[in-house]
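Here the structure comes first, spelled out in structure tokens, and everything after it is commentary.
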Amino acid sequence: MIRINENYLKLQASYLFSEIARRISAFQEAHPDREIIKLGIGDVTRALPPSCIEAFHRAVDEMAEDSTFRGYGPEQGYPFLRNKIATEDFQARGADIGEDEIFISDGAKCDTGNIQEIFATDIRIAIPDPVYPVYLDTNVMAGRTGEFHNGRYESIVYLESTGANEFIPDLPRKPVDLIYLCFPNNPTGATITKDRLQSWVDFARENRSLILYDAAYEAFIRDDSLPRTIYEIEGAREVAIEFRSFSKTAGFTGIRCAYTVVPKNCVAYDGNGAKHSVHALWNRRHSTKFNGVSYPVQRAAEAVYSKAGRTQVRDRINYYLKNAGLVRQKIAALGFECVGGEDSPYIWIDGRTNSWEFFDMLLQKAGVVCTPGAGFGRCGENFIRISAFNSFENVQKAMARIKIALKE
Ligand code: PLP
């Protein structure tokens, strides 16, 4: 009799986006003539930069000739891309990262989800609340949690992000082994300063823990004083793994390309206290279970670093940031407190009422879809997330409708 991994039974139904979809279709059925504007989605809406498209086409053409055709590539990624990443994203910012510490993959979702596999099941884990759900669910699947009660899994140390700590979690009061952090944050849009990030790195060094730093939204940072990578922080090479993605940076959500940085100094311990290289473990895992991102996709990603590619990427992100700025300004003018939207595509709004009620009110009265904060964790209750991924015209229209709706 084949038995299941019963940890899967502990998972909560992924209720958030299916429930949103259900409420939208019910609304559409009841009001077929009303136009809906979706500001709930975390997916980009603008086309790929032309430089990426050109490089993509050229690489596809190479596949059409025996002389230039490529089969399996290196599992860790082609040197042309790893080298660009190491020099442009890290060394140019004074962060000492080598190309052999970069692992190209098909998504930060897979990498942030898979990384836990190389660590023991009985380690102590700290996970933000509210949170991008992948970190939590993959640890539930692996059996690192107990049951779910009152919105929380047993055995997880929750790092609460609230107005009281300006949405940057406080250091845990007791030692933990694996720490998930995400900045600029999804869902709150909050960013972390170098000093605050330094305190996390120091904590990890003191406790021999490891930080998993998700920087999928790094490209949205415009404030030069903020760290663009955790490796700008002293000592981070010993205790941090960083996840990056071309998804939100360059519109690769449907193309799939990302990377993970595992410095060679990072160590973890076996049951006898002996040190092991995390880089070697991840390399083993990656090359055993993954066969590389396709060649044309890696060429398209390389084009992000060309002169024209950079300008095109920056223009796209500026476009979303202009949307985010408008949302912030209009929401603040209506008397709501919010965070994010300055160095991030998300605006986290204190709706001062149950998240789902606020969601329903915006849908019914304004025809605008947001994401209820409660879907990201207990600390998300009373908040909603608005995303800047839409056209400027739609964002303008949505904000005008929200203004009327809230005044009714
Ligand atoms: N990390 C965070 C915080 C995200 O919000 C997302 C996507 O929404 C991802 C990772 C996934 O990125 P990718 O498209 O590279 O899998």
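When a ligand or atom number is given, it counts from 1 through the structure's own listing order. Residue numbers count from 1 along this sequence.
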Polar contacts were defined as any N/O atom of the residue lying under 3.5 Å from an N/O atom of the ligand; does this apply to [X] and ligand 1?
X    : answer
D106 : no
A108 : yes
Y135 : no
Y346 : no

[X] and [Y]: side-chain donor and acceptor closer than 3.5 Å?
X    : Y    : value
N83  : E99  : yes
D43  : T253 : yes
Y153 : N139 : no

Relative to the heavy atoms of [X], which atoms of ligand 1 are at a distance of less than 4.0 Å?
X    : answer
N186 : 3 (C), 4 (C), 5 (O)
C182 : 3 (C)
G107 : 15 (O), 16 (O)
K109 : 11 (C), 12 (O), 13 (P), 16 (O)

Could you note down all residue pairs passing salt bridge (Lys or Arg N to Asp or Glu O under 4.0 Å) where residues 154-170 supplies at least one of them, sequence neighbours left out?
->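 Residue pairs passing salt bridge (Lys or Arg N to Asp or Glu O under 4.0 Å), neighbours aside: R152-E160.
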query: Between F243 and ligand 1, which part of the residue brings a heavy atom under 4.0 Å of the ligand: side chain, backbone, both or neither?
result: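 Within the 4.0 Å criterion, F243 makes no contact with ligand 1.
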To the nearest 0.1 Å, how far is [atom] from its closest protein heavy atom, and which atom is that?
atom                    : value
atom 11 (C) of ligand 1 : Y132 OH, 3.3 Å
atom 14 (O) of ligand 1 : S247 OG, 2.6 Å
atom 1 (N) of ligand 1  : D214 OD2, 2.7 Å
atom 7 (C) of ligand 1  : K248 NZ, 3.1 Å

- Message: Check whether S355 reaches the backbone of P372 with its side chain - one donor and one acceptor, N or O, closer than 3.5 Å.
- Response: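 No, because the side chain of S355 does not come within donor-acceptor range (under 3.5 Å) of the backbone of P372.
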Salt bridge (Lys or Arg N to Asp or Glu O under 4.0 Å) between R124 and D177, worked out: CA-CA 5 Å; R124 295 157 299 183; D177 303 310; 3.0 Å; yes
Using the side-chain contact (heavy atoms from CB on, under 4.5 Å) definition, which of the options E242, R244, E218 pairs with Y213?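 Exactly one candidate clears the test, E242.
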Check your understanding: With a cut-off of under 6.0 Å to the ring centre and 45° to the axis, is R196 in cation-pi contact with F183?
Key ->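 Relative to the ring axis of F183, which defines the angle, R196 lies outside at least one limit.
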Exercise. Would Y319 and F392 count as a close aromatic pair, with their ring centres under 6.0 Å?
Worked result: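 Judged by ring-centre distance (under 6.0 Å), Y319 and F392 do not meet the cut-off.
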